[in-house]
Amino acid sequence: MSKHKLSTWQLVLISTGGMFGAGWLFSPYYGFQMAGVGVLVSWVISGLLSLIIGLSFIEIHSKLPIIGGVPRFVGITHNRSLAFVFMALSWLSYVVFLPLEAQSAIQYLGFWWHPLVNHVSRGVELSGLGLGLAVLIIFGLTWFNTFFVTNVAKFNSIISVGKLTIPIIVVVTLIFGFGKWENVVANYHAMPVSIEAILLAITTSGMAFAFTGFQNGLVLASYAKNHKRAVPYSVIAPIIFGGAIYFCLSLTFIACLPADKHLADTVVAPLLGLVAIFSAHFLFTILFIDAISAPLGTANVFTAVTGRVLYGLGRDFFPNSFLTRLNKYHAPQIALWISAIFGICFLLPFPTWKELVNFLSSIMVFSYLAGPIALILLRQALPEDGQMFKIGFYSPLGYLGFACCSLLVYWSGMYNLLYLALALILISMSYGTFVRGSSLFQAFASSWYLMVYMLLMALVSYLRSINSLSFPVDNAIIILIGLITCKIMLANSLPNEQIAQNMQHLKKEVDSFID
């Protein structure tokens, strides 16, 4: 296994490349549509929130680079039923990435080959032919990931260079070649800046989704040659560098599009449409190639990550089952194929990119709640643990991170909050039904406060929608709900001695990858 380790550079590229899939092709424009020039503030807030949350991730993964990502730490700090809820939700969030990236690639192909997409009132959705091609992409990438993870990393390193270079070329060419200050002024006056719209755009236009790539390096950190060095770099570098590029991409639309010549709401490919306006043919070809390769490259990475998240769930709850079987390439082959099949199912209820990314953002950010909680509890249980990265103000950061996650989930909207509450209920029922030695009562008794947490946020969102609550009062209430839930979750943790024992148990698993 040692010769199949990942370098720090490969891990950084896995995280950074994960931020430039479908997100950079759609989010800068959709955010501009929703928040106007205020979208620039949205990107800054998104980056800051992601950095606050990411800091807690860095410390706990410096302690122990578990396969399966941050939600698996709930199995160390809390009872098994709550750990199952977080790990299952985390896996579900990763499952959605593969169909989302495949859908993005097909939608951009539809710019030239129209039978791949249908124009509907809510946007652009894949046709039957487009769905069939998306399924083939999912199957192909899953098959590729049944080989060594180093193959995935090498392929990703090649693709990532283009994924990072081309957005920079697009920004420089369009802003300096066709950007005008009068367009910025006109767009500023065309849509009044609204703080509420700025915040809502973070989730609904895919900005929170765009920043989720920084997690990829954490999930695969156990494969790193030097995880204590690789983990901080793989989180901080993508957030800073990626956030700067996304900021500039939205600025491109603001500077280049006159206020009276906005692209249609149902545009298939926003960036291609922008380039077509100025007849920048050389850029058009480069952008089209990247619009296909970038989502597929990101989908390739997320396929590898998703299978290992399910593998981690199997290690904790279904040991010695088919979920934990590794093939001769040390890949969780069965877990990969199960993830692919579930991913295909998401192509049907969420046929448009914006609908799918909104749901994905909410469920992914919910799984982030495990990070701030684990940071506080692991520091209390293991105060002298000598990991390289250590935060001095861990407790305030943990509460702040939990509040940030709560806001990001809330901004996804009432319907997504209800979907999440339903998912929590179904996962708890699954635990009580399928996990040996468990019961439905035990499952609900361990996660009742999370269900109340989601339903309260959905209620606040409903009251805001009918103007019974004003902005920013609704956001202040969400912060309060988040802080109270964080306190309850900390109070329901395992004793420090048990947490320390659980850490020692999982270190044996990690050592099998590090040695």
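It should be emphasised that the depicted structure is a prediction, and the values quoted were computed from it without experimental measurement.
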_Counting neighbours of CD1 on I168 that are heavy atoms of other residues, nucleotides or ligands and sit closer than 6.0 Å, is the number greater than 12?_
yes
_Show the nearest heavy-atom pair for residues E196 and R464, with the distance to one decimal._
OE1-NH2, 2.8 Å
*Are N183 and I254 side-chain neighbours, meaning at least one heavy-atom pair lies under 4.5 Å?*
no
*With ring centroids as reference points, do Y368 and F402 lie under 6.0 angstrom apart?*
no
*So, F73 versus F86, ring centres under 6.0 angstrom or not?*
no
*Check: L199 and S42 side chains under 4.5 Å, non-hydrogen atoms*: no
*Give a yes or no answer on whether the side chain of T173 reaches the backbone of V170 with a donor-acceptor pair at less than 3.5 Å.*
no
_With heavy-atom distances below 4.5 Å as the criterion, would you say the side chains of L420 and N416 are in contact?_
no
*Under 4.5 Å between any side-chain heavy atoms of L456 and I477, yes or no?*
no
_If you compare all heavy atoms of L336 against all heavy atoms of G307, which two are closest, and at what distance to 0.1 Å?_
CD2-CA, 3.7 Å
*Identify the two heavy atoms, one from I376 and one from S395, that lie closest to each other, and give their separation to 0.1 Å.*
CD1-O, 3.9 Å
*asked:* Does any part of the side chain of V39, heavy atoms only, come nearer than 4.5 Å to the side chain of M34, both counted from C-beta?
replied: no
*V460 versus L417: any side-chain heavy-atom pair under 4.5 Å?*
no
*asked:* Using only atom types and a distance under 3.5 Å, with no angle test, would you say the side chain of S461 pairs donor to acceptor with the backbone of M414?
replied: yes
*Are the side chain of S412 and the backbone of V409 linked by a donor-acceptor contact shorter than 3.5 Å?*
yes
*So F253 and F32, would you call those rings parallel, tilted or perpendicular, with 30° and 60° as cut-offs?*
parallel
*Quick one: does S470's side chain have a donor or acceptor within less than 3.5 Å of a partner on V473's backbone?*
no
*Within a reach of under 6.0 Å around OH of Y233, are more than 12 heavy atoms found that belong to other residues, nucleotides or ligands?*
no
*asked:* Can you confirm whether F366 sits close enough to L450 that some side-chain heavy atom of one is under 4.5 Å from a side-chain heavy atom of the other?
replied: yes
*asked:* Quick check: closest heavy atoms across P192 and A190, and the distance to 0.1 Å?
replied: CD-O, 4.0 Å
_Between S406 and Y453, do the side chains contain a donor N or O and an acceptor N or O under 3.5 Å apart?_
yes
*asked:* Please check if the number of heavy atoms outside F342 that lie under 6.0 Å from its CZ is greater than 12.
replied: no
*Could you go through the side chain to side chain contact (heavy atoms under 4.5 Å, CB included) check for I344 and L131 one step at a time?*
CA-CA 9 Å; I344 290 170; L131 286 171; over 6 Å; no
*Does P28 reach the side chain of T252, with side-chain heavy atoms less than 4.5 Å apart?*
no
_We want to know whether T306 and W91 form a side-chain donor-acceptor pair, criterion being a heavy-atom distance below 3.5 angstrom._
no
*asked:* Looking at every heavy atom in both V184 and A255, which two are closest together, and how far apart are they?
replied: CG2-CA, 3.9 Å
